[in-house]
Amino acid sequence: MKASWDIFCTVVDNFGDVGVTLRLARQLVAEHDMSVRLWIDDLTAFARLCPGADAQAAQQWREGIDVRFWAKDWQPVEPADVVIEAFGCHLPPTQIDAMKARDPKPLWLNLDYLSAEEWVTGCHGLPSLQSSGIQKFFFFPGFRPTTGGLLREAGLIERRHAFEQNPAAQQAFLADLGVYPQSQARLMSLFAYEHAGLGSWLERLAADAQTTHLLVPEGRILGDVERWLGVEGLRAGALQVRDSLTIQVLPFVRQEDYDRLLWCCAFNVVRGEDSFVRAQWAGRPMIWHIYEQDDDAHWAKLDAFLELYRAGLSDAAGQALTQMWRNWNAAEDMTHSWDALEKHRSELANHAERWCLERALQDDLTTALVHFYRNWL
Ligand code: TRH
């Protein structure tokens, strides 16, 4: 049965809001044969994620998705069978009226932010009656079976494994980006927010006996990289060497290529929500630069994830990981925590793959949403 879906997305900042809703829309169309309208109130980030997209268009088709600009002066449209407001964005009141008037009523869902906190399992899937008289259900992504799961395209892990077993494909992919690492160099990627303590980490990498080739997509961290290097105006293509450390700035690539980039690296620094999940599907050790919240609520989220993620690690490796992630997120000096983490390199690598495979046993978020809708009917 081909159902219609409306996904509403307000861009708070950066790329995560669009990144997640675009991924969801794409999967609904490609894997579940749904028809999807994706409403975005700022198409700038969308155009970066979807090369060729028009940041000015009121309507455009992209990858089978009907992408609409969500204008402030909203004119109500016939609601779809399922209406998703992403991350608690507020639907226009006149659209809610249209949903109320529709027969049959649409399924109204709020897709929330990702969190490993325990309370999420108690709230996932709960309805709340709105003043409009329609129920709204709260759908929580998550890491436990009692949540909505994580976004994961069909066959993703198999594609990664095939790519890993194909050095020529990896080399060709990197060459397309202008990346030619020395044969012994450890590839790492760095996609993070501003970080006053970044220099202490780069210092360690530069002083290491092993060479590191650090790939840095253009973005917010570049200022800190420039400060440490003592240069200005770094752009995609820039290459700087300091002792054992080569730093290369990359262009922002499409989502599928960002996945491949993560798969090529032995270690990834990621941030926000979507790149954090992609690094987990990459099955590699990582650092999560969490999105900072005004009320410091991000610390509870970070600790909740670490508690889950540490299960199965030795105490020493778990402690080293926790210390490193906490230092990173507090923008502190990371000299000692990085050294401590390095002692557990292979354990962390095995663990990352195991974690990935375990999470992949659960239904992905899109499939869980489709099941939720079918059960609701
Ligand atoms: O960009 P982010 O920091 O996004 C968000 C937003 O700040 C949001 O408001 C906040 O709520 C959320 O974080 C927690 O980080 P995120 O979520 O990792 O999104 C980045 C997206 O960009 C992701 O879809 C991957 C994609 N990406 C590419 O497609 N190409 C690239 O080269 C890179 C580096 C990333």
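Being a predicted model, the structure only gives us computed values, none of them experimental. Counting starts at 1 for both ligands and their atoms, following the listed order.
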**Student:** So which protein heavy atom does atom 21 (C) of ligand 1 come closest to, and at what separation?
**Tutor:**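 The answer is Phe15 CB, 3.6 Å.
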
**Student:** So does Leu229 get a backbone contact from the side chain of Arg242, meaning a donor-acceptor N/O pair under 3.5 Å?
**Tutor:**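 Confirmed, Arg242 side chain pairs with Leu229 backbone.
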
**Student:** Heavy atom under 4.0 Å from ligand 1: found in Tyr258's side chain, backbone, both, or neither?
**Tutor:**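 Looking at Tyr258 and ligand 1, just side chain atoms fall under 4.0 Å.
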
**Student:** Taking N or O atoms only and a 3.5 Å limit, does Val12 qualify as a polar contact for ligand 1?
**Tutor:**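 The answer is no, given that Val12 and ligand 1 share no N or O pair closer than 3.5 Å.
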
**Student:** Yes or no: does Tyr113 have any heavy atom under 4.0 Å from an atom of ligand 1?
**Tutor:**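 Per 4.0 Å heavy-atom rule, Tyr113 contacts ligand 1.
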
**Student:** Within 45° of the ring axis of Trp281 and under 6.0 Å from its six-membered ring centre, is that where the NZ or CZ of Arg152 lies?
**Tutor:**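 Checked: cation-pi criterion met.
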
**Student:** What protein heavy atom sits nearest atom 33 (C) of ligand 1, and how far off is it?
**Tutor:**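 Ranked first by proximity to atom 33 (C) of ligand 1 is Phe252 CE1, 3.3 Å.
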
**Student:** Identify, for atom 32 (O) of ligand 1, the protein heavy atom at the shortest distance, and state residue, atom and that distance.
**Tutor:**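 For this ligand atom, the closest protein heavy atom is Val253 N, 2.9 Å.
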
**Student:** Against heavy atoms of Pro217, which atoms of ligand 1 measure under 4.0 Å?
**Tutor:**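 Near Pro217, meaning under 4.0 Å from one of its heavy atoms, ligand 1 has 34 (C).
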
**Student:** What is the nearest protein non-hydrogen atom to atom 15 (O) of ligand 1, stated with its residue, atom name and distance?
**Tutor:**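 Protein heavy atom at minimum distance: Arg271 NE, 3.6 Å.
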
**Student:** Indicate whether the side chain of Thr322 and that of Arg310 have a donor and an acceptor atom separated by less than 3.5 Å.
**Tutor:**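 Yes.
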
**Student:** I'd like to know if the side chain of Gln60 and the backbone of Asp54 have a donor-acceptor N/O pair within less than 3.5 Å.
**Tutor:**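 Checking the backbone N and O of Asp54 against the side chain of Gln60, a donor-acceptor pair under 3.5 Å is found.
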
**Student:** What is the nearest protein non-hydrogen atom to atom 9 (O) of ligand 1, stated with its residue, atom name and distance?
**Tutor:**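 Nearest neighbour among protein heavy atoms for atom 9 (O) of ligand 1, to 0.1 Å: Asp13 OD1, 2.7 Å.
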
**Student:** Below a 4.0 angstrom heavy-atom separation, can you tell me which part of Phe191, side chain or backbone, both or neither, approaches ligand 1?
**Tutor:**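 Answer for Phe191: side chain.
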
**Student:** If you count the atoms of ligand 1 from 1 in the order shown, which ones are under 4.0 Å from a heavy atom of Asp17?
**Tutor:**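 Contacts of ligand 1 toward Asp17, numbered from 1: 8 (C), 9 (O), 11 (O).
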
**Student:** Test of understanding: given a 4.0 Å heavy-atom threshold, classify the contact between Ser275 and ligand 1 as side chain, backbone, both, or neither.
**Tutor:**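 Contact part for Ser275 vs ligand 1: both backbone and side chain.
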
**Student:** What's the shortest distance from atom 23 (C) of ligand 1 to any protein heavy atom, and which residue and atom give it?
**Tutor:**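 Answer, as residue, atom name and distance: Asp274 OD2, 3.2 Å.
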
**Student:** Would you mind running through ligand 1 and noting each atom that sits below 4.0 Å from a heavy atom of Gly19?
**Tutor:**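 Those qualifying, in numeric order: 24 (O).
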
**Student:** Is it the case that the side chains of Gln27 and Thr366 hold a donor-acceptor pair, with the cut-off being a distance below 3.5 Å and no angle test?
**Tutor:**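 There is such a pair between these side chains.
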
**Student:** Taking His298 for its side chain and Ile290 for its backbone only, find out whether a donor-acceptor pair lies under 3.5 Å.
**Tutor:**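 Here the side-chain-to-backbone pair does not exist.
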
**Student:** Can you find a pair of side-chain heavy atoms, one from Trp263 and one from Tyr258, that are under 4.5 Å apart?
**Tutor:**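 SC-SC contact between Trp263 and Tyr258 ruled out.
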
**Student:** Cation over ring, Arg359 on Trp355, under 6.0 Å and within 45°?
**Tutor:**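 Output yes; distance and angle both within limits.
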
**Student:** Can you tell me the protein heavy atom closest to atom 3 (O) of ligand 1 and the distance?
**Tutor:**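 Checking every protein heavy atom, the shortest distance to atom 3 (O) of ligand 1 gives Tyr193 OH, 2.5 Å.
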
**Student:** Check for me whether Arg48 meets the cation-pi criterion with Phe252, that is, NZ or CZ under 6.0 Å from the six-membered ring centre and within 45 degrees of the ring axis.
**Tutor:**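 Yes, Arg48 lies over the aromatic ring of Phe252.
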
**Student:** Which label fits Phe372 and Phe139: parallel for a plane angle under 30°, tilted from 30 to 60°, or perpendicular past 60°?
**Tutor:**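 Judged by the thresholds at 30° and 60°, the geometry between Phe372 and Phe139 is perpendicular.
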
**Student:** I need the contact type for Val20 against ligand 1. Using non-hydrogen atoms and a strict under-4.0 Å cut-off, is it side chain, backbone, both or neither?
**Tutor:**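 Neither; no heavy atom under 4.0 Å.
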
**Student:** Checking Lys136 side chain against Asn110 main chain: does a donor-acceptor pair fall under 3.5 Å?
**Tutor:**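 Such a contact is absent between Lys136 side chain and Asn110 backbone.
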
**Student:** Which atoms of ligand 1 have any heavy atom of Leu49 under 4.0 Å away?
**Tutor:**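 Selected atoms, number and element: 22 (O), 26 (C), 28 (C), 29 (O).
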
**Student:** For ligand 1, which atoms sit closer than 4.0 Å to a heavy atom of Gly16?
**Tutor:**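 Those qualifying, in numeric order: 1 (O), 2 (P), 4 (O), 5 (C), 6 (C), 16 (P), 17 (O), 19 (O).
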
